[in-house]
S.K.: 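What follows is a structure written as structure tokens; I'll ask about it next.
By convention in this document, chain letters (A, B, ...) are assigned in the order of the sequence lines, proteins followed by strands, and residues within each chain are numbered from 1.
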Number of protein chains: 2
Amino acid sequence: MSDPGLACCTPLSGTAMSAEQAEQVAPLLKALADPVRLRLVSLIGSSASGEACVCDLNDAFELTQATISHHLKVLHSAGLLDREKRGVWVYYSVRPAALAAIAGLFDTTALAPA
Amino acid sequence: MSDPGLACCTPLSGTAMSAEQAEQVAPLLKALADPVRLRLVSLIGSSASGEACVCDLNDAFELTQATISHHLKVLHSAGLLDREKRGVWVYYSVRPAALAAIAGLFDTTALAPA
DNA sequence: TTCAGACATCGACGTCCGTCGATGTCCTCA
DNA sequence: TGAGGACATCGACGGACGTCGATGTCTGAA
């Protein structure tokens, strides 16, 4: 590391994201950082009823039912999707609050230069 | 998969994210889906000058210089950071367009129900 | 020309992740 | 009660990821 007291450049100023905050938000991004899961959330969120059952989601991908179920579990565990069982079928819906939390990350007040 | 023609629920409607679009955006989210990289972008973006040199970033973490350099390379390769060498020091700055692309993902028109 | 420092790269290690086939659990209907 | 379907879980496999110490490359100063 560099010697203290020898400032090579302007010190990092202002209030950046704390380590705890980063540890809290990163899992949300990690859950979305997969093409399949991104499409899953998009499919569910863009459906007319705001929800989708697993059977339809399975048909939208060339993947095993076990894999889709795994991805849905990851999204649900991260708090991005709600899960509701109705009869034989299971319906997933997007949690708007979770998405809003991520959207807040990219507000001008958080990251953009000004 | 389920039999076609047997609709158990409302079909997925509207224009969701395409597979190509998902494959294109996921790497951006994956680059940010790490607490260290999230803090790096935040530190750089929140600095007064809008940029930061590696020596200062090293001091902000309890990690090896090699590890920080690796994370910066990931962010730069993803197109999230710009890199400029000035003398002995290297300065990284945030690419606003990349962040805006991600922010667009979470607009109400893209994912939110309404 | 030589030296010291800033940063990148390399090779290695343990761990996590995406995917699969097989199997289990729960619900509905006959 | 039994059968069949929808979905979850399990165990396994190959590949990617985060981190490190060691080393390489480049720059400015003596």
S.K.: Which nucleotide in the set D:dG18, C:dG21, D:dC7 lies at the smallest distance from any side-chain heavy atom of A:T64?
M.R.: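 Among the listed nucleotides, the one closest to the side chain of A:T64 is C:dG21.
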S.K.: Can you work out whether A:K85 or A:V36 has the more 5'-proximal nearest nucleotide on DNA chain C?
M.R.: A:V36
S.K.: Tell me whether B:S77 contacts the main-chain N or O of B:V74 through its side chain, where contact means a donor paired with an acceptor under 3.5 Å.
M.R.: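 No; judged by distance alone, with no hydrogens or angles, the pair does not exist.
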S.K.: Could you state the atom-to-atom distance from NE2 of A:H70 to P of C:dT23 in whole Å?
M.R.: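 Result: 21 Å.
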S.K.: Of the listed nucleotides (D:dT19, C:dC7, C:dC26), which one gets closest to any side-chain atom of B:C53?
M.R.: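 Output: C:dC7.
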S.K.: Using only heavy-atom distances, decide whether a donor-acceptor pair under 3.5 angstrom links the side-chain of B:Q65 to the base of C:dA6.
M.R.: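 Absent.
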S.K.: Return the nearest nucleotide to the side chain of A:T67; candidates are C:dG18, D:dG18, C:dC20.
M.R.: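 Of the candidates, C:dC20 comes closest.
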S.K.: Whole Å only: how far is the CZ atom of A:R83 from the C1' atom of C:dC26?
M.R.: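 Distance, rounded to whole Å: 11 Å.
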S.K.: From C-beta outward on A:L63, which listed nucleotide comes closest to its side chain: C:dT19, C:dT9, D:dC7?
M.R.: C:dT19
S.K.: Taking the side chain of B:W89 as its heavy atoms from C-beta onward, which of D:dC7, C:dT28, C:dC7 lies nearest to it?
M.R.: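 The answer is C:dC7, which lies nearest to the side chain.
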S.K.: OP1 or OP2 of C:dT9 versus the side-chain N and O atoms of B:K73: is any pair under 4.0 Å?
M.R.: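 For C:dT9, OP1/OP2 do have a side-chain N/O of B:K73 under 4.0 Å.
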S.K.: Output the rounded distance in Å from CG (B:L75) to C1' (C:dA8).
M.R.: 15 Å
S.K.: In whole Å, I'd like the distance from the OH atom of A:Y92 to the P atom of D:dC7.
M.R.: 9 Å
S.K.: Can you measure A:H76 atom NE2 to D:dC7 atom P for me and round it to whole angstrom units?
M.R.: 15 Å
S.K.: Of all the nucleotides listed (D:dG18, C:dC27, C:dG18), which has the minimum atom distance to the side chain of B:D34?
M.R.: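 Looking only at heavy atoms from C-beta outward on B:D34, the closest nucleotide is D:dG18.
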S.K.: Taking the minimum atom-to-atom distance to the side chain of B:A66, which one of D:dG18, C:dT9, C:dA8 wins?
M.R.: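 For B:A66, the side-chain atoms sit closest to C:dT9.
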S.K.: Quick check: on DNA chain C, is the nucleotide nearest A:R86 upstream (toward 5') of the one nearest A:A33, or the reverse? Name the residue that is more 5'.
M.R.: A:A33
S.K.: For a quick check of understanding: with a heavy-atom distance under 4.0 Å over all strands, which category does A:R37 fall into, base, sugar-phosphate or nothing?
M.R.: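 Contact class for A:R37: sugar-phosphate only.
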S.K.: Using whole Å, report how far CD1 of A:I68 lies from P of C:dT19.
M.R.: 8 Å
S.K.: Considering just the side-chain nitrogens and oxygens of A:Y91, establish if one lies under 4.0 Å of OP1 or OP2 belonging to D:dA6.
M.R.: no
S.K.: Check the pair A:L32 / B:L105 against side-chain contact (heavy atoms from CB on, under 4.5 Å), numbers first and verdict last.
M.R.: CA-CA 11 Å; A:L32 278 178; B:L105 266 186; over 6 Å; no
S.K.: Take atom CG of A:N58 and atom C1' of D:dG5, then tell me their distance rounded to the nearest Å.
M.R.: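 Answer to the nearest Å: 13 Å.
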S.K.: I'd like to know if the side chain of B:S46 reaches the main chain of B:S42, judged simply by a donor and an acceptor atom lying under 3.5 Å from each other, with no hydrogens or angles considered.
M.R.: yes
S.K.: Is it true that atom CD of B:E84 has more than 12 heavy atoms of other residues, nucleotides or ligands lying nearer than 6.0 Å?
M.R.: yes
S.K.: What is the separation between atom NZ on A:K30 and atom P on C:dC16, rounded to the nearest whole Å?
M.R.: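 After rounding, the gap between these two atoms is 10 Å.
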S.K.: Just to be sure I understand the rule, does A:H71 reach a base, reach only the sugar-phosphate, or reach nothing, if contact means heavy atoms closer than 4.0 Å?
M.R.: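 Sugar-phosphate only.
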